Each structure stands twice: as structure tokens, then as C-alpha cells.
Amino acid sequence: MDLNPTAEDRAFRTEVRRWLETNAATGDVKTLDERKAWHRKLYEAGYVGMLWPKEYGGWGRTPMQQAIVQDEMARLGAPPPINGLGIGFIGPTIIVHGTDWQKQRYLKKMLTAEEIWCQLYSEPNAGSDLASLKTRAEDQGDHFLVNGQKIWTSSGPIADWGILLARTDGKAAKHKGISCVLLHMRQPGVEVRPLRQITGSSLFSEVFMTNARAERRDLIGNLNQGWEIAQTTLGWERGANSLGRVTRYAVAFNQLVRATKELRRGGKPLLEDAAVRARLGKAYAELEVQRYAALRVLSALQNSDSPGAASSITKLSYTEFEKRYFELALEILGPYGQLVSAREEFEDIDTSSGEPGTWATAFLWSRAGTIYSGSSEIQKNIIGERVLGLPKEVRADRLKA
Amino acid sequence: MDFSFSSDQQLLKNSARGFLDEHVKPATVRLLWDDPRGESDTLWKEIAQLGWLGLSLPEAHGGSGLGMVETALLLEEMGRAAYPGPYWPTVLAATAIELAGAEAQKKRWLPAVATGDARATIAFLDTELDWRPEAAQTRAEKTGKGWTLSGRKRFVPWAHVADVLLVPAQTPDGLTLFLVDPRAAGLALEPVPVMDLATRLVDVTLDRAPVAADALLGGPGQAGPLLAALLRRGAVGAAAEMLGAARRCLDMAVGYAKVREQFGQPIGSFQAIRHKCAEMLLEAENSHSAVYYAAWALDAKAEDAELAASVAKAYVGDAARKVCGEAIQVHGGIGFTWEYDLHLYFKRAKALESMYGDGDYHREAILRRVAA
């Protein structure tokens, strides 16, 4: 057990910090073109696609080094790269299950964000029970005819391509009739309608597919192998944001402490209120534990013990913490917690969910984490069944099957 | 950067588990609960022979010179077994002697601790039950031959079996630490009736108790920083024990949920139970991260070692109480019976939550560091 960073990682951190201090975009990085330009710069510096093999345009770095880059970006408040789903999950899926043609065609442009990707998985009636999805892809020989509706599609409005799960065999058991295929988003049969979130912005969307065309050469793996592929996809961004996330919490904590020095109750700063102090102390303890846990995950990745189902513990832990954390912040800030545009005394904070904004934005965003990528309830099922070995629940759909 | 245990550390943990499973079964714990002393000399000699008592003491004084990580590994296993005895108070007091003692004091006490011939404890709390070392109210007055100590030390772990008490007292020079013979004149010991009978606590009244001139541990007025350091170390050790108690309760709850059937199914198949168990595992894993980060930080003298100790104690205190309590809930009625073993660990976790600085103390300590 040695939690000191290696000399190599220390040197790497210094190098990253210098690069970011010199290059971190000083002007606006708001429009898609500006964000793509910043992304490209990060990629060329070797800070995007860090865990991708070099032969596919990646940098063959370690999970720790990837985490260091994100941590330094959080420290500096640098804008994040884009195309996260593509680089984190879709690209690795293509690398593991895709054909040579697919790799040649898609990977490099994904890394450089020349083409933006989205994930077409969830449907209005297939959320946690994803395998009950109804979107159909009819085999037409050289292509599939796709009809159906997807929902909660992040980056939908800006996406050029999507990775689609659709039913290709309506007669097979529900997990066995699904295929995975890449879908061009810029075609007449695909309509993207932005959905407005509780934060007021529209980062996700509904996608309607009406006789949309997916090419046969874009089928990933075999026909009807889609569920298996979706289940076995190993994300290559695991642990990437682990340190950066905690650093953003810590930056927010310092801002909160500054606010408690300015806000007053009973003629003295809120920071001197015993009840406030106790709650801040508790929140910071939890925040630090998130940091220790992040180091433990990175260490496991380094020792290549794949965390497997245990990564559900990590996701459950930080998303639930984040809710408690911003609930506390808003309680302490009182009416100021409601501000949706920043004032001088309560500056913008990083919401750690990709959207800059106020405490209110962070508070609202914190509700998303325990729903996306497998809700807390689904994570607890995974932990219960696959980590603790508790018996599977009796489910109506299993009884039928 | 490596958060995993070395093979030696893993070996130590496994052998501790093996020994405690065999020699400190729940039945053994229950026998000692009923024992007036509350501990067994045979067991004490056995753990001395295993090298546990000298584990962290310097090799020059009969120890093995290992660190807090190894000590925490042992303490986690002891918590898991609800081990009854003065292990941690003794080792902590020996650490105080190692850190501040004169050569003669080290020679007198350290080898004796390592061989199992001496037990020791630190009297942190005074009547106000304030964990800040400077809050000590016990007074020491200089006499011709030495000092006399007067005051009341509360909830001193295992004072009734100790061969030496470490007593902080106020002197004109400030807070000073004294080595006191618990059998000396002017001392009255009174056991406190507590729920975890494997962690005995004793009130110690000092009424002009005479101590020799050479009984000072460290210089006069210099005990404050030493006691603060010992309290932090004590807190990390207690957190490790609480983690062990929580692990035991989690294992028992999961085991029970797999076999106990209601409505024709194992109760672990119900999400209400499964989700509870998942939350308990989450708390145990986070506690593991907190305990071993803090233990490593002490060994490595990391700049955040003091913060990490408070984080571990504050976090694991809450987590272990929750995990052990939920284990009772998962068990239902059987978990509430005296015959079932769960309460041994539930009570151990709760007892340690209030020792070496409770949650409030450590949360305030955290905030003082990060919100100056």
C-alpha cells in the first residue's frame, strides 16, 4: 500500500498543468465550433482518447494519467472535451466488436470530434427494463429499415451518428432479438426533438425514426447479438473523471465556505453557527471519502483488477453523495440558493455535470446522476445480485420466459 | 500509487482472521462478557506470542517496527471478532511512551508490553467529557518528592487491568502527561456499567494521588500536541475496529438474507432487503477507503494525515452504526435477541463511536482545517 503518486505521474501532472495554463481557452468556448476547436487542441496534446490504443489514434496512457488530466482541468475550470459518449463507450465498442471497415471509417473522426456521436438506447417504455425496447430494424439485405422512438438522447441535436439498439427478431425472447447498428443521424427519416430539462437547457432529446436507413455494413457484431454487446461493452473512461469530480466538489466547497462568511445570522457570520459547522464538517468528510475511494478505483484499474460490478458501488456512491451535497449547499444558502444567474457574491460554480451555472443549476443537475446510466435502484440490484450473491428477484418477465 | 495490500499485509490479515476465528469465537466473547475482569490472560499471552502487541513498537524495544496500516488490519479483524481486551489502549499508550518517553521509561515499559507482561491505557477524558486535550481539568501540584494529582478521569478503557495509566493533568507549566500506577494510594477505580462488555470502561478518581518526580512522560507543559497526535491515532484504530464490526454484521445479514424464506422465497430476493444490503456494502467499502487512507497517511506522514484521521473517525462512526443497525433490521426478531450474536458487534461499533473523539469533535476538527 503506497498512495504517493509515482515520480512519473507527478511529472506528468506538472506537464499537464503547464500545458493547460498556457493553452486553456481564455475566450468563450460556447458554440459548437468553439467547443470542437478546443476539443481538437486537447486531442492533439494527447489529452483525449488517452486509453485508446495507439493504432486507433489513441495515446495508450494509464487510467491514472487520464484521471490526472481531468483533475487538472477541474482545478483550472477548463472546459471539458466533447463527444464523451463516443470516446468513452461507442468507440471502444467498435474497437472490440467492429469490423476493420468500421474502425477505419469512424474511429479517428470520433476522436477528433469531427463527427459527434449519441447513444440510441432508452425508449419511452424501455428505461431500466431496456431489453423490452420496441424500435424495429427490418432486414432489407444491404440495409435495415428502422422505425421507432428513442428518448433521453444526450447530444441528439448535434449528433452526426448514433449507436442504435433495435429489435431485429420479434419472435425471439426479449434479450435475444436485439441488434446493434450504427445509424446516420443526418437523414430524412431521423427527426430529433430537443427535450427541455429541469435546468432549463436542452442537452437531451427525443429521436423519431420513420423508415430511416441503417446500412448493413454498420451492423456491430452479428445479427441479434446486440444485447450481449451492450452488456459486455467495457467503457474505457472508467475512473477518468474520478479525481476531477472530487476536485470540482472541493472547489464548490470553498465557494460555499466563502458564502457562509458573508451570510449572517444572529449578528454573526453563518460560518460561526454551530449547526452549520457540523453539517459542513460532515459534508467535507464525505467529500474526502469520495477522493479516497477514487484513488482505490484507480489503483484497482492500474493493477488491472477490473472492478466489474463493483463499479456500481462507485456510481451509486458519488451520485447519491452529490444529491446530499447540493441539497446541503442550498439549505445553507437559503433564498440565495435559488439564483439562476450569478451575482458577484455568489459566483458561477461548476456543476460537475458539464453545464456551468449557479448553485441552483448544480442542485437541479444532481437529480440526474441517480437516474442516468442505470438508476440507483438498478445499481443496487446489480450490487445485490452480482457482488453480494443475493438471489435474483422473481420477475414477471422471467416467469414468462 | 497502490491502494492494495502487500502480500505480507494480506498474510497478516489472513492469519489474524484464522486465529480469531478459532480462539475468539462468539462463545469466547460471551464468556469474557461475564468475567469480572473482562479479558483473558491466556489470550493476552497468545497475541503477544503472535507479535501483535509489539507489532508497531520499535525493534530495539522488542517490537517489529511495522506501521499503522498493519495495526489497522489487526484492529479490523479484532472488531470483526468483537475481541475483548485492552489491545488498542495498551498499544496506543506504548506509542506515547515510545514517542515521548525517557530511555529508562521505554526500557521499563515497551519490552514488557511486547511480551504481554504489561497493559496500559490513556485517560483522555475529564469530567466535562471534552476530547480536546487542553480541556483537561485534573490538576498536578508539585510536592517535595514529586507531584500529587487530583481530579476525575472518566471512561478510561481497561484501567482496572492496566499496569500503568497515562494521565494528562494541568500544571503551572501547562498540560503535562504523567505515568501513574493504578494501584497507588489516592486512586479509586470504579467500573462503568456499559453495554459493550468487551470494551470495559472505568472511572478513575485521583485524590491527591502521589506520583514520583520521574513519572513525567515528556517535558512539563508539552503534553498537548502529543495527546492530539495520540487521539488521532486512536481514532484511526477505532475506525478500523468499527469497520471490522460492520463487515461482520454485513456478512451475517447477507448470509441470512440468502437462506431465510418468507412468502416462499429467500428474503434477499426482495428489493427492500437487497437494496438495504447494497447500501450496507457501499458504507463498508467507503469505510475501508477511509480507514486505510488515514492509516497510510499516518505512516507516510502525509500532509493531510490529520485531516484523514478525523475524516475516517467521523465517517466510519456513522457508517458502522448504520450497517450494524440495518443488519438487525434484516434479521428481524432473531436479530434483537441476546442469544443471537449480532449485538456483540452492534454494541462494539456504537461503543467506539463515542471514543477517541466522537463524530461532532472530528467534524469540527475537519472544518477548522478546511474552512480557516
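The analysis underlying the following values was restricted to heavy atoms, covering all of them including side chains, and did not include hydrogens, waters or symmetry mates. Per chain, numbering begins at 1; letters A, B, ... match sequence-line order. Note that the structure is predicted; figures quoted are calculated from it, not measured.
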Please look at [X] and chain A and tell me whether the side chain, the backbone, both or neither of the residue comes under 4.5 angstrom of a heavy atom of that chain.
X	value
B/Glu283	neither
B/Tyr293	both
B/Val69	side chain
B/Asp318	side chain
B/Glu285	both
B/Leu282	both
B/Ala284	neither
B/Asp299	neither

Residues passing the side chain to side chain donor-acceptor pair (under 3.5 Å) test with B/Glu306, sequence neighbours excluded, are B/Arg232, B/Arg369
Hits for side chain to side chain donor-acceptor pair (under 3.5 Å) against A/Arg264, two or more places apart or cross-chain, chain-then-number order -> none
Under 4.5 Å from a heavy atom of chain B, the part of [X] involved:
X	result
A/Arg279	neither
A/Leu271	side chain
A/Glu385	both
A/Gln379	neither
A/Lys392	backbone

Okay, side chain of [X], backbone of [Y]: is any donor-acceptor separation there less than 3.5 Å?
X	Y	result
A/Glu272	A/Pro269	no
A/Lys174	A/Leu130	no
B/Thr71	B/Gly67	yes

Might you work through the side chain to side chain donor-acceptor pair (under 3.5 Å) test for A/Lys323 and A/Thr370, ending with a clear yes or no?
-> CA-CA 8 Å; A/Lys323 282 199 295 203; A/Thr370 55; 3.0 Å; yes
Residue from B/Ala314, B/Ser269, B/Ala278, B/Ala257 scoring the most non-hydrogen pairs under 4.5 Å with chain A is B/Ser269
Interface check, chain A: of B/Ala308, B/Ala312, B/Ala297, most non-hydrogen pairs under 4.5 Å belong to B/Ala308
Could you tell me whether the side chains of B/Asn286 and A/Arg296 share a donor-acceptor contact shorter than 3.5 Å?
no
Closest-packed option against chain B by number of heavy-atom pairs under 4.5 Å, given [options]:
options	value
A/Glu377, A/Met64, A/Glu393, A/Arg291	A/Glu393
A/Leu298, A/Asn381, A/Thr6, A/Leu280	A/Asn381
A/Ile383, A/Ile313, A/Leu388, A/Val257	A/Leu388
A/Ser317, A/Ala283, A/Pro5	A/Ser317

query: Do NZ/NE/NH1/NH2 and the carboxylate oxygens of B/Glu353 and B/Lys350 come within less than 4.0 Å?
result: yes
What do you reckon, is [atom1] of [X] surrounded by more than 12 foreign heavy atoms closer than 6.0 Å?
X	atom1	answer
A/Asn125	CG	no
A/Glu331	CD	yes
A/Arg10	CZ	yes

- Task: State whether A/Tyr318 and A/Arg245 meet the cation-pi test: NZ (Lys) or CZ (Arg) under 6.0 Å from the six-membered ring centroid, and within 45° of the perpendicular axis.
- Result: yes
